[in-house]
Structure formats: C-alpha cells, structure tokens
Amino acid sequence: ETGVTQTPRHLVMGMTNKKSLKCEQHLGHNAMYWYKQSAKKPLELMFVYSLEERVENNSVPSRFSPECPNSSHLFLHLHTLQPEDSALYLCASSQDINQPQHFGDGTRLSIL
Amino acid sequence: AQSVTQPDIHITVSEGASLELRCNYSYGATPYLFWYVQSPGQGLQLLLKYFSGDTLVQGIKGFEAEFKRSQSSFNLRKPSVHWSDAAEYFCAVAWGGSYIPTFGRGTSLIVHP
C-alpha cells in the first residue's frame, strides 16, 4: 500500500493531444511533488507544492502545467508534448518539504 | 551547487554476500539524509532516514546506514543480500530544514544466485 495513488498507470498520446495525470494522497501531507524519471538519467524534480502553493519550478517547459486544487490532489496537465517527454512521471507527498517522501507507482507516458 | 553523488552505477553481488552502497554529498548545513529503493514498475520506497542523533540508523528490510560527517558520506549496508533486494537504490540529501531533498543518480543492484 503506497498511500499515494497515481492515475492512469499508463498513457499513450500523440503530440497534439491534451491529457492530465492525477495524483491523490490521503496521508494528511502538506507537500506534493512531480518528478520525471527517464532511462539512464537522474530523477528530475519538476514541481513542488507546499500548502497548495507552488514553491519550486525547475525550468520545466510550459507544455507541462501543474495544478494543486487542494492538499490531497495534484494534477499535471499535458499539451503538445514531444517524444523526449516519454518517461515515468512520479508523484510524491511528504508531511513538510524536508521530510521523507511517499511515492506513487508512477504514470508511464509514451508520446507517439 | 549542492550535490549528491552515488559513484557506482551498478553493483553486482552474490546472494548471501554483504553489501555497501556509497553516497557522498557536498558540504553544507546539517543534512537530512535518506535512502530509497525502487523495484521495477514501482515508485520509490523509503528505507531509512537520518536527521540527528545516533549516526548509525536502522531501516526496513534489514538495511542500515552510517552518517560520517568528516567524510560527507551516508553509505547503505546490508550484511546478507537476498535475491529480492535486486532494485535501484537512491540516496537523497536535504541541506537544512527548508530545503527540498536532492536525489543521487541511483545505483542498480544485481543479485546473483
């Protein structure tokens, strides 16, 4: 049991599609994160929210748009993606910014 | 810039052998230290953490890690590896209370029968 649920688990989309990734946690955590994990590359931090406010944005292209409507939910809206965006997208949450993170199992995204 | 280094990309051990995975970090404020494990098709799972106190910390699945401030290291150890330990291992460091943890590149552990 992970405590952090990501949907969908797999997503195949064309470069012109618009889709959204969803992350949900019911651990009472205050911070939520999006990471990109590509083969043979380090884990890339994309966005961080603390108390529903964005606190970190690591130069992520604007074709990725996060949304945090409440402390339990985090979305990643995707549009006009590129083939190099194919990766595993991981969501995580933690009690506070510097505390251990709980990860979801990820969404495997493939861009055609 | 603050950084986390896991010098070994792959480690191969025989089942039953001991294991040590290395993690070094750049010097900074009192670090918060973490080790995570990722099995194929899954997210990362916390193995153990160090915030303060005893520099030898015990974690889940029989793992332990030792914080050595003088060497800026936080190496992960296990006395006897099981085939199910084959996975990717990530070290993470947060420098001080307001910092988001930085992850190392990961070490892939291969276990031979």
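Everything numeric here is computed off the predicted structure, so don't read it as measured data. Chain A is the first sequence line, chain B the second, and so forth, proteins listed ahead of strands; every chain is numbered from 1.
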Which atoms form the tightest heavy-atom contact between [X] and [Y], and what is the distance?
{"X": "Gly41(B)", "Y": "Arg9(A)", "result": "O-NH2, 3.1 Å"}
{"X": "Phe103(A)", "Y": "Leu44(B)", "result": "CB-O, 3.3 Å"}
{"X": "Asp105(A)", "Y": "Gly43(B)", "result": "OD1-N, 3.2 Å"}
{"X": "Asn98(A)", "Y": "Phe51(B)", "result": "O-CZ, 4.1 Å"}

Checklist entry - Counting N and O atoms only, with roles assigned by atom type, does the side chain of Tyr36(B) sit under 3.5 Å from a partner on the main chain of Gln101(A), one being a donor and the other an acceptor? => result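 It does hold such a pair.
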I'd like to know whether [atom1] of [X] has more than 12 heavy-atom contacts from other residues, nucleotides or ligands below 6.0 angstrom.
{"X": "Ile9(B)", "atom1": "CD1", "result": "no"}
{"X": "Glu84(A)", "atom1": "CD", "result": "yes"}
{"X": "Lys49(B)", "atom1": "NZ", "result": "no"}

Is there a continuous path of hydrophobic side-chain contacts, each under 4.5 Å between heavy atoms, that joins [X] to [Y]?
{"X": "Met15(A)", "Y": "Met13(A)", "answer": "yes"}
{"X": "Ile97(A)", "Y": "Leu46(B)", "answer": "yes"}
{"X": "Phe75(A)", "Y": "Leu81(A)", "answer": "no"}
{"X": "Met46(A)", "Y": "Leu88(A)", "answer": "no"}

Checklist entry - chain B heavy atoms under 4.5 Å from Glu44(A): which part of the residue, side chain, backbone, both or neither? => result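 Interface part for Glu44(A): neither.
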Checklist entry - Which residue out of Gln37(A), Lys41(A), Arg108(A) racks up the most heavy-atom pairs below 4.5 Å with chain B? => result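 Max contact count across the listed options: Gln37(A).
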Item to check | Minimum side-chain heavy-atom gap Pro100(A)-Phe34(B) below 4.5 Å | outcome: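 Yes, close enough: below the 4.5 Å cut-off.
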Checklist entry - Going by heavy atoms in the side chains, are Gln38(B) and Leu90(A) under 4.5 Å from each other? => result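 When only atoms from C-beta onward are counted, Leu90(A) and Gln38(B) do touch, with a gap below 4.5 Å.
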Checklist entry - How long is the span from the CD1 atom in Ile100(B) to the OG atom in Ser94(A), to the nearest 0.5 Å? => result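 Output value for this atom pair is 9.0 Å.
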